[in-house]
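Working notes, structure below.
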Amino acid sequence: MMNLSAAEARRIALAAQGFGSAPRGRVTEQHLIDAIANLGVLQIDSVNVFERSHYLPLFSRLGTYDTALLDHILLDPHAPATHVEYWAHVAAFIPVESWPLWQWKMQEARERHARPGSWLAEHRKLADDLLARLHNEGHATFSQLEGKREQRRGSWWDWSDVKVALEYLFECGLITAIGRTNFQRIYAPVADVIPPDLLGAVVPKKDARCALVRDAVRALGVGTLHDIADYYRFKTAPTAVALAELVDEGDIVPVSVAGWERGGKPIAGFMVKDTTAPARTPRTDSILTPFDPITWNRERASRMFGFDYKIEIYTPAAKRVYGYYSLSILLGDSLAGRIDLKADRKTKTLVVKSAHWESKRPSDSVERLAGIVKKAAAWRGLDSIVVDDWGDAAADLKRVL
């Protein structure tokens, strides 16, 4: 079994995620497509205080790029379907070529929701009517399908029966999104979006799961069983079966990483055969969305980077420690702090609501963070930067900006 130091594991993980490979010139659509393919999955989140989450992992890895290019790839209903939405990890964009690998999960959802007593079984007529409308009347958003709504439920999500039915049809792989408008999905039957050869491709569940587990290992660089299962949100038991098969075939190898322990006992790691640690950490200075694969698994972020991460959106303002939607600060192979950014689009100002350092950080971290903030402001077309008085890193930023 190969032994890795903690630093080697970090370098492997960052390289596997595409850090340090930004193009020298302008970022093109192909660069974006390749970066998403390397990630395997691009998580979606609606919070838009600084920028929506799916834009950030590509900025973190490739640097400044035109978000209109990504909109064309992911959201334009008139563009070729190179990517599609599905519950891969959670709501996410995936390359359309991976659709056949998820059809077993869609089939399981159809069987589960067809059982007597399930919500979808009890609302079958509504779901069938919605599906028929999409077939007969064409693509539509939830608002267009629902029409005027007279009553509100008062719940957190306030989902109507129409919205719930659409979500179940989406999970079952009967409809998908052909694009988005005002960030609302434009729903369509899958046959209108997925090419026939992919829609008709049959991949046995066992083979599909193995392929996705292997891809999770590749995308992580090195990870534990739980890391690998979490990447595409699989249960650990079937992931362990797939991993064992891949290890038996020699495609995946077990490794030992210094410091990877639970309850005083070492945790086994896994990586793709012949993976090697980069000799040095590339300059990867950037900010990471809470839903970046580097940080979305909080236990892994703690184990690998010593970084305890929590989103405080749902924490009352008076009890927040770091801010509403703080982003991780990546400096080299260190998660050196967190920063809460807000884009004031009316005044073209980037507001640093708060910024906090971790206890360990590079000696030149202040200047490097200032460079990140300037770059982020320029990327989003913001002409000025204002720093509020919250956090030790905010005080440093005020001094150097």
Taking the six-membered ring for Trp, are W296 and Y231 closer than 6.0 Å centroid to centroid?
yes

Would you name the heavy atoms of I287 and A376 that are closest together and state the gap between them?
CD1-CB, 4.3 Å

Rounded to the nearest 0.5 Å, what separation is found between the CG atom of D333 and the OG1 atom of T281?
4.0 Å

Nearest heavy-atom neighbours spanning F59 and S286
O-OG, 4.3 Å

Less than 4.5 Å apart, side chain to side chain, heavy atoms only: is that true for M304 and W260?
yes

Should we say atom NZ of K163 is surrounded by more than 12 heavy atoms from elsewhere, each under 6.0 Å from it?
yes

Examine distances only and state if a side-chain atom of E312 and a backbone atom of Y325 form a donor-acceptor pair shorter than 3.5 Å.
no

Under 4.5 Å between any side-chain heavy atoms of L130 and I175, yes or no?
no

Straight-line distance of R380 CZ to R345 CZ, nearest 0.5 Å:
7.5 Å

Lys/Arg N to Asp/Glu carboxylate O, R303 vs D227, below 4.0 Å:
yes

Would you name the heavy atoms of A81 and V193 that are closest together and state the gap between them?
CB-O, 3.4 Å

Should we say atom CE of M106 is surrounded by more than 12 heavy atoms from elsewhere, each under 6.0 Å from it?
yes

C172 backbone acceptor or donor facing R110 side chain under 3.5 Å:
yes

Ignoring hydrogens and geometry, is there a side-chain-to-backbone donor-acceptor pair from S365 to P362 under 3.5 Å?
yes

Quick one: does any side-chain atom of H72 pair with a main-chain N or O of L69 as donor and acceptor, under 3.5 Å?
no

Before giving the answer on ring pair (Phe, Tyr, Trp, His ring centres under 6.0 Å), spell out for Y65 and W379 the whole-Å C-alpha distance, their side-chain angles and the decisive distance to 0.1 Å.
CA-CA 7 Å; Y65 72 95; W379 174 51; 5.6 Å; yes

Quick check against the 3.5 Å criterion: does Q103 have a side-chain atom that pairs as donor or acceptor with the backbone of L199?
yes

Taking every non-hydrogen atom, the tightest pair across C210 and L246:
O-CD1, 3.7 Å

Can you confirm whether W357 sits close enough to L369 that some side-chain heavy atom of one is under 4.5 Å from a side-chain heavy atom of the other?
yes

So D71 and Y55, side-chain hydrogen bond (donor to acceptor under 3.5 Å, both in side chains) or not? Walk me through it.
CA-CA 9 Å; D71 289 343; Y55 293 108; 2.4 Å; yes

Sub-3.5 Å donor-acceptor pair from the side chain of D292 to the main-chain atoms of I294, do we have one?
yes

In Å, rounded to the nearest 0.5 Å, how long is the span from CZ of R361 to CG of D392?
6.5 Å

Would you sort out whether H83 and F93 count as a ring pair (Phe, Tyr, Trp, His ring centres under 6.0 Å), showing the intermediate values?
CA-CA 6 Å; H83 297 79; F93 297 105; 7.8 Å; no

I would like to know whether K398 and D389 meet salt bridge (charged side-chain N to carboxylate O under 4.0 Å, His left out); could you show each step before the answer?
CA-CA 9 Å; K398 271 196 165 186; D389 296 315; 2.6 Å; yes

Any non-hydrogen side-chain atom of L58 less than 4.5 Å from a side-chain atom of I36?
yes

For F50, is the NZ or CZ atom of K353 found under 6.0 angstrom from the centre of its six-membered ring and inside 45 degrees of the ring axis?
no

Under 3.5 Å: donor-acceptor pair, side chain of R11, backbone of A277
no

Step-by-step side-chain contact (heavy atoms from CB on, under 4.5 Å) determination, R338 to Y309:
CA-CA 9 Å; R338 57 203 90 199; Y309 196 25; 3.9 Å; yes

Any E171 side-chain heavy atom under 4.5 Å of R112 side chain:
yes

Any donor-acceptor pair under 3.5 Å from N38 side chain to A16 backbone
yes

Between K360 and G306 (side chain of the first, backbone of the second, donor and acceptor by atom type, cut-off under 3.5 Å), is there such a pair?
no

Within 45° cone of Y187 ring axis and under 6.0 Å: R133 NZ or CZ
no

What I'd like to find out is whether the side chain of H89 reaches to under 4.5 Å of the side chain of D230, using heavy atoms alone.
yes

How many angstroms lie between atom CG of L330 and atom CZ of F307, to the nearest 0.5 angstrom?
10.0 Å

Begin with the C-alpha distance, continue with both residues' side-chain angles, and end with the deciding distance and a verdict on side-chain contact (heavy atoms from CB on, under 4.5 Å) for V190 and W99.
CA-CA 10 Å; V190 291; W99 183 268; 3.8 Å; yes

A side-chain contact here means heavy atoms from C-beta on lying under 4.5 Å apart; do V222 and T275 qualify?
no

Would you mind checking if K125 and D128 are paired as a salt bridge, meaning a charged N to carboxylate O distance below 4.0 Å?
no

Donor-acceptor check, side chain of T284 to backbone of G20, threshold 3.5 angstrom: yes or no?
no

Decide side-chain contact (heavy atoms from CB on, under 4.5 Å) for L382 and T349; before the verdict, give the C-alpha distance in whole Å, the side-chain angles of both, and the deciding distance to 0.1 Å.
CA-CA 5 Å; L382 305 173; T349 301; over 6 Å; no

Parallel, tilted or perpendicular: which describes the rings of F234 and Y232, with under 30° parallel and over 60° perpendicular?
tilted

Steps toward side-chain contact (heavy atoms from CB on, under 4.5 Å) verdict (F305, R300):
CA-CA 8 Å; F305 296 96; R300 174 177 167 86; over 6 Å; no

Quick one: does T67's side chain get under 4.5 Å of R52's, heavy atoms only?
no

d(E29 CD, L70 CG) to nearest 0.5 Å is 9.0 Å

Atom CG in D308, atom CG in L335: separation rounded to 0.5 Å?
11.0 Å

Considering all heavy atoms of both residues, which atom of A242 and which atom of V213 are nearest to each other, and what is their separation?
CB-CG2, 3.8 Å

Within 45 degrees of the axis of the six-membered ring of W104 and under 6.0 Å from its centre: does R209 put its NZ or CZ there?
yes

Between R185 and E167, is the closest basic N to carboxylate O distance under 4.0 Å?
yes

Any idea which heavy atoms bring A6 and A258 closest together, and the distance?
CB-O, 3.8 Å

